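Okay, so here's the structure we're looking at.
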Amino acid sequence: MENLSLIRSFREKFYSLVSQIPEGRVSTYGELARSLGSNRAARAVGKMLNENPRPEVVPCHRVVKSDGTLGGYDRGKEEKKKLLEKEGVSVEDEEIVNFEEVLFTDFQSDKPLETLREEQMELKEKVSFGDDEGDFATIAGVDVSYSEQRAYPAISLWDRKKKEEKEAYVTKVEVDFPYIPTFLAFRELPPLLDVLSEAETKPDVVMVDGNGVMHPHEMGLASHLGLETKIPTVGVAKSKLCGKIMEDVDKQNRVSEVRKDGSLIGHAVLEGERAKNPIYVSPGHKVSHENAVDLVREFCQYKVPDPIRRAHIKATKRRKKDE
DNA sequence: GCGACAG
DNA sequence: ATCTTGTCGC
């Protein structure tokens, strides 16, 4: 991974941004997200502030909502108000007085998310799909379960002909990078590479819990993993990140194209007896749209294909056992 | 109030 | 993804 050190220092970088807000001023979740490099990170900003390890040093009470209202605080809004007023910021009815005047936006930042986005834009040129035969013999499914900073990635390897699990592994890895929509790979790739290295058999294709090219920049987690490992990958998401479903999916019509800006980015697939909503299938790397859909459907006894489902169960069990 | 963006 | 009692439907 090209920007591994940036990923590892992301959280600390964020806390030092928060520390730039001077006494007597406030800033917003959105402003901090933009200073990180993407307004998509606003909720992650809230999450990281909530997990602030040093409240005495990092002034998270100076971060409020973009409409000027207080926003949340671990020790209560009253406490947040008290801290702000002690610093000379007036608060009335959970709202900052003279919000425009005290709002701080002048962050000094190298915008790490812009760097990560650039990595995605460079990588997307290398994604290939359409040149495979679909003749994969060993299929893997991967997933990650979390407990705060700990990730439990799991892999389940299957014999395609016998339709049975051959091997399965779970590992434990520390993660620091938060979940930010469209940046999932930077959170999940390190744990997945770790558990993938455990497998005795190298899989011919990996099904990933997340998107492939069904992504605003055609560079989802599955594609990133495929490029990183040179192994063919298929993305399988349980909800839609982007694109337009072209037709309704139901028991009569189980597959629909998903398009973005007119071009095909994946398919919505409804399988499994009790499934109410479809899953979203897209090529990660070195797999065609058609073979991606066929492979996933072949393993869809339930809504989610068995190898991913097994990996999910394994990872979750291990996490709960550890707690 | 609506819309809502993988895990 | 995780936090989690109760409720609904097959």
Side-chain angles (χ1 to χ4, degrees), chain A residues 7 29-30 33 36 38-48 50-51 66-67 72 74 113 116-117 120 124 141-154 170 172-192 195 206-226 233-245 251 258 260 265-269 272-284 292 296 302-305 308-309 311-323:
Chain A
I7 293 167
Y29 303 96
L36 284 171
S38 170
N39 47 25
R40 296 186 130 116
R43 282 185 300 244
V45 164
K47 186 97 196 304
M48 288 188 290
N50 178 248
E51 294 161 353
S66 56
D67 62 1
D74 186 50
L113 291 177
L116 297 181
R117 187 68 86 208
Q120 288 180 333
K124 77 185 257 191
V142 293
D143 189 25
V144 187
S145 183
Y146 292 92
S147 160
E148 294 172 347
Q149 310 278 65
R150 281 177 301 287
Y152 296 88
V170 188
K172 175 160 67 168
V173 175
E174 295 297 314
V175 290
D176 187 57
F177 196 87
Y179 167 69
I180 303 170
T182 74
F183 293 93
L184 177 62
F186 301 105
R187 175 171 169 82
E188 297 214 337
L189 216 40
L192 288 179
V195 78
V206 180
M207 294 196 271
V208 183
D209 196 356
N211 288 304
V213 301
M214 190 185 275
H215 179 277
H217 300 285
E218 293 80 46
M219 215 24 242
L221 169 64
S223 300
H224 212 134
L225 180 68
T233 53
V234 173
V236 180
K238 293 181 292 298
S239 62
K240 192 164 67 69
L241 174 61
C242 65
K244 185 181 189 304
I245 305 173
K251 289 192 173 172
V258 177
K260 178 170 72 73
I265 55 170
H267 292 84
V269 176
E273 282 305 308
R274 307 185 312 176
K276 175 69 185 154
N277 299 311
I279 55 174
Y280 298 87
V281 180
S282 62
V296 167
Y302 301 99
K303 173 176 172 174
V304 172
I308 289 182
R309 190 168 168 274
H312 182 267
I313 292 167
K314 277 245 154 204
T316 307
K317 273 192 180 161
R318 174 62 192 281
R319 172 176 61 78
K320 289 189 170 163
K321 194 181 132 198
D322 259 31
E323 282 169 353

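By convention in this document, chain letters (A, B, ...) are assigned in the order of the sequence lines, proteins followed by strands, and residues within each chain are numbered from 1. Computed from a predicted model, the values in this text were never measured in an experiment.
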Are A:K240 and A:I245 side-chain neighbours, meaning at least one heavy-atom pair lies under 4.5 Å? yes
- Considering only NZ, NE, NH1 and NH2 on the basic side and carboxylate oxygens on the acidic side, decide whether A:D209 and A:K238 come within less than 4.0 Å. yes
For a quick check of understanding: with a heavy-atom distance under 4.0 Å over all strands, which category does A:F183 fall into, base, sugar-phosphate or nothing? base
A:E323 atom CD is separated from C:dC3 atom C1', nearest whole Å, by 11 Å
Filtered N/O pairs between nucleotides 4-6 of chain C and protein, under 3.5 Å:
none

With sequence neighbours left out, the residues meeting side chain to side chain contact (heavy atoms under 4.5 Å, CB included) with A:L184 are A:Y179, A:E188, A:L221
Between CG of A:L192 and C1' of C:dA1 the distance, given in whole Å, is 13 Å
For A:T233 and A:A222, the nearest pair of non-hydrogen atoms, with its separation, is OG1-O, 2.7 Å
Every stem of 3 or more Watson-Crick or G-U pairs under 3.5 Å that DNA chain C joins, in order of first number, is none
A:E51 meets the salt bridge (charged side-chain N to carboxylate O under 4.0 Å, His left out) criterion, sequence neighbours left out, with A:R11, A:K47
- Item | Charged tip of A:R309 within 45° of A:Y302 ring normal and under 6.0 Å | yes
Students should find that the nucleotides of DNA chain B closing off the region near chain A, any atom under 4.0 angstrom from a heavy atom, are B:dC5 to B:dG7
Under a 4.0 Å heavy-atom cutoff, the residues of residues 313-322 of chain A touching DNA chain C are A:R319
With sequence neighbours left out, the residues meeting salt bridge (charged side-chain N to carboxylate O under 4.0 Å, His left out) with A:E323 are A:R319
In short, A:P283 meets A:S223 closest at the heavy-atom pair O-OG, 3.8 Å
Inset, instruction - Decide yes or no for A:V142 and A:P153: does some side-chain heavy atom of the first lie under 4.5 Å from some side-chain heavy atom of the second? - result: no
Below 4.0 angstrom from OP1 or OP2 of C:dA1, is there any side-chain N or O of A:K47? no
TODO: Just call it for A:H312: base, sugar-phosphate, or nothing, with non-hydrogen atoms closer than 4.0 Å on any strand.
DONE: sugar-phosphate
The correct set of residues in residues 206-218 of chain A placing a heavy atom under 4.0 Å from DNA chain C is none
task: Indicate yes or no for a side-chain donor-acceptor contact from A:S282 to the backbone of A:G266 under 3.5 Å, with no hydrogens or angles considered.
output: no
All heavy atoms of A:A315 vs all of A:D143, minimum pair found to be CB-O, 4.4 Å
Nearest heavy-atom approach of A:R40 to A:P181 is CD-O, 3.7 Å
task: Taking the side chain as every heavy atom from C-beta outward, state whether A:C242 and A:T182 have any atom pair closer than 4.5 Å.
output: no
| message | Could you tell me if the side chain of A:V195 sits less than 4.5 Å from the side chain of A:Y152, heavy atoms only? | response | no
A:E188 CD to C:dT2 P, in whole Å, measures 10 Å
One should read off an interatomic distance between A:N211 CG and A:M219 CE, to the nearest 0.5 angstrom, of 12.0 Å
message = Less than 4.5 Å apart, side chain to side chain, heavy atoms only: is that true for A:V175 and A:R187?
response = yes
With sequence neighbours left out, the residues meeting salt bridge (charged side-chain N to carboxylate O under 4.0 Å, His left out) with A:K124 are A:E218
Q: Answer whether the closest heavy-atom distance between the side chains of A:I7 and A:D176 falls below 4.5 Å.
A: no
Base-paired stretches in DNA chain B with three or more consecutive Watson-Crick or G-U pairs, both distances under 3.5 Å, amount to none
>> Would you say that A:R150 contacts A:S145 through its side chain, given a criterion of any heavy-atom pair below 4.5 Å between the two side chains?
In response: no
Do A:V234 and A:V206 make a side-chain contact, defined as non-hydrogen atoms from C-beta onward lying under 4.5 Å apart? no
Here the residues of residues 143-152 of chain A within 4.0 Å heavy-atom distance, strictly under, of DNA chain C are A:S145, A:Y146
Hits for salt bridge (charged side-chain N to carboxylate O under 4.0 Å, His left out) against A:R117, two or more places apart or cross-chain, chain-then-number order -> none
